[in-house]
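Comments concern the structure below.
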Amino acid sequence: MQTEPARLAEAPLSPGRIRLALLALALGGFAIGSTEFVAMGLLPNLAADLLPGLYAASPAEANAQAGWAISAYALGVVVGAPTIAAAAARLPRRTLLLWLLVAFTLGTVFSALSPTFGVLLVARFVSALPHGAYFGIASLVAARLMGPGKRGQGVALVLSGLTIANVIGVPLITWLGQTHGWRVAYLVVASIFALTFAAVWAFVPWQAGDPSATMRNELRAFRRLQVWLALAIGAIGFGGFFAVYSYVAPLVTVTAGLPAGAVPVMLVIVGLGMTLGNVLGGRAADRNLPRALVVYFCMLLVTLIGLALTAGTVVGLAAFLFLIAVACSALSPAIQTRLMDVAHNSQSIAAALNHSALNLANASGAFLGGLAIAAGYGYVSPAWVGAVLSVAGIMLVLASLGVDRRRRRRIRA
C-alpha cells in the first residue's frame, strides 16, 4: 500500500508549480554563493574585529590569517559533500534538503555570533558541510522535475542561484557588511537560508530517496576509474579559473592600473559571464556531453592566454575575464553531469562530489597562482598557471573519453 507522500509524489505537477520548485532550489544556490564568496570582500573587516592586535601591527598579515576562514569553508565542503550524500541517500529528498537548510541557517548564525577567530573557523567549517550535499540532491530533484533529456539544464538551474549571487548577492551583502559590520552581513545570509527553507517546504514536491542506497553502495563509486578521472577533471582543470579569480583585485589595480572602485565592476562582469556560461553549459551537456567538455575546456585555455596577453588594457581585461567566466561556468554542469553518468547507481554521492572537486580546484588554483606571484612573475602569471591547468583538464577529458571508447569496443567484440 502506498504512503500518502508517495501518492502525492505521483500526482502530475503544473508548469507553474515546477517553476516555483526550481526557483526555490535556485534560491538555495543563491544563499550558498553568498555565504561562500562574501568573506572574500570582508576579510579586512573580519581581521580588524577578530584579530585586532595583529591587525594593528600588520594589516597584511592579519588579512592573510583571516583568509583561513575561506580555507575552513572549502575544507568543510570537501569533507561534507561525500559524507552526507552517502549517509543520507535513502532519505526522501525534500526532507534531506530541509535538514540541510536548517544546518546552513544555524551554521551561518553561529558564524555571525562568533566571539573569537578560532570559533569563526569552526563555524565556517560547520557551515560548509551541507554545501555539496545540497547541490547534489537539489540537482537530482531538478533533473527529475525537468524530465527526460533535460538533466543538464536541471543541474544548471540549481547552479544559476550560485552564479546570480556573484552578480547581485555578493556585492550587495559585501557593501552591507562594510557599512554595518560583517556580522550583520552573515545574519542577512542566514535569513536567506531561512527563506529558502520556507520555499522548499512550500513548493518542492516529495521525492523518494534511493531505497537500496547504503553507505557501502554509495562509496562504491570510488572503485570506478571514471569517477576518479571526472573528479580530477574538476579538481585540476577547473583550477585555472580560481588561479585568476583569487587575484583579480591586484590584476585590476596593479596590472591594468585602474582605481580600486573598478574591482567590483570587474567582479560583476565575471558574475555575468558565469550566469551566461551556466545556461550554455547546461544545454550543451544535454545535447552532447563529451563535446561540451572538450569545447569549453579549449575555450578556457584560449581565453586564459588572451587574458595573459592583454590584461594591461581595460578592454582586454574586461573581455577576457567575462569569457573565462563563461567557459568555467559552462563546465560546471557538464562535469557534474559526467560524474552522475559514470557513478552509475551511486547518484547521490556523485552529484555531491563535484563540489568537493571544485573546492579542491579553488584551493589549488589560488595556491599555485600565489606561488607564481611570490616568485616574482607578476599578477599576470596566474593566468599562465591557469592555462597549464586547463591543458591538464583537456588531457584528462580525452583520457576519460578514451576509456569509454575502449569499453565500447570490448562490448562490441
Side-chain angles (χ1 to χ4, degrees), residues 163 166 232-258 262-263 265-281 284-285 290-335 357-358 360-401:
T163 60
N166 282 278
I233 290 168
I236 298 173
F238 212 87
F241 170 71
F242 289 108
V244 170
Y245 190 55
S246 300
Y247 304 100
V248 67
L251 192 65
V252 172
T253 57
V254 178
T255 304
L258 298 174
V263 175
V265 176
M266 291 297 174
L267 291 177
V268 169
I269 289 173
V270 171
L272 291 172
M274 292 174 69
T275 303
L276 176 61
N278 186 55
V279 175
L280 296 176
R291 184 172 63 190
L293 288 168
V294 173
V295 167
Y296 283 111
F297 259 119
C298 289
M299 178 180 175
L300 178 59
L301 173 62
V302 171
T303 53
L304 283 166
I305 294 173
L307 177 69
L309 297 175
T310 65
T313 67
V314 177
V315 173
L317 179 65
F320 282 109
L321 282 177
F322 176 82
L323 293 173
I324 288 169
V326 170
C328 284
S329 194
L331 283 169
S332 186
I335 294 172
L358 297 188
L360 287 174
N362 188 347
S364 63
F367 174 73
L368 293 173
L371 286 181
I373 294 171
Y377 294 110
Y379 289 113
V380 171
S381 59
W384 292 111
V385 171
V388 173
L389 292 173
S390 298
V391 170
I394 293 171
M395 294 174 66
L396 287 165
V397 169
L398 295 177
S400 180
L401 297 179

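These values consider heavy atoms only, across backbone and side chains, with no hydrogens, waters or symmetry-generated copies. The first residue of the sequence shown is numbered 1, and numbering continues consecutively from there.
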field: From CA spacing to verdict: side-chain contact (heavy atoms from CB on, under 4.5 Å), Leu258, Thr253
entry: CA-CA 5 Å; Leu258 298 174; Thr253 57; 5.8 Å; no
- line: CG of Leu280 to OG1 of Thr275, rounded to nearest 0.5 Å, is 11.0 Å
message: With rounding to the nearest 0.5 angstrom, report the OG1 to CZ distance, Thr303 to Phe241.
response: 10.5 Å
Quick check: closest heavy atoms across [X] and [Y], and the distance to 0.1 Å?
X	Y	answer
Val244	Ala383	CG2-CA, 3.8 Å
Ile373	Gly378	CG1-O, 3.6 Å
Ala285	Ala292	N-CB, 4.1 Å
Pro382	Ala243	CB-O, 3.1 Å
Ala361	Gly234	CB-O, 3.4 Å

For residues 309-316, please give each side-chain donor-acceptor pair under 3.5 Å, one per line with the distance, not counting sequence neighbours.
| residue | atom | partner | partner atom | Å |
| --- | --- | --- | --- | --- |
| Thr310 | OG1 | Gly306 | O | 2.8 |
| Thr313 | OG1 | Thr310 | O | 2.9 |
| Thr313 | OG1 | Gly316 | N | 3.1 |

message: List the residues meeting side-chain contact (heavy atoms from CB on, under 4.5 Å) with Leu396, not counting sequence neighbours, and say none if there are none.
response: Leu229, Ala232, Ile233, Ile236
Partners meeting side-chain contact (heavy atoms from CB on, under 4.5 Å) with Leu401 (sequence neighbours left out):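 With neighbours one apart ignored, the set is Pro290, Val294, Arg338, Val397, Asp404, Arg405.
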Quiz: residues 318-332 side-chain donor-acceptor pairs under 3.5 angstrom, not counting sequence neighbours:
| residue | atom | partner | partner atom | Å |
| --- | --- | --- | --- | --- |
| Ser329 | OG | Met274 | O | 2.6 |
| Ser329 | OG | Asn278 | N | 3.4 |

task: Would you check if Met266 and Leu251 make a side-chain contact, meaning some heavy-atom pair closer than 4.5 Å?
output: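 Not in contact.
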message: Please enumerate all residues that pass ring-ring contact (aromatic ring centres under 6.0 Å, His included) together with Phe238, with sequence neighbours excluded.
response: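 For Phe238, the residues satisfying ring-ring contact (aromatic ring centres under 6.0 Å, His included) (neighbours in sequence not counted) are Phe242.
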Derivation and outcome, side-chain contact (heavy atoms from CB on, under 4.5 Å), residues Tyr379 and Val248: CA-CA 9 Å; Tyr379 289 113; Val248 67; over 6 Å; no
Side chains of residues 384-392: which donor-acceptor partners sit under 3.5 Å, not counting sequence neighbours?
| residue | atom | partner | partner atom | Å |
| --- | --- | --- | --- | --- |
| Ser390 | OG | Gly386 | O | 2.9 |

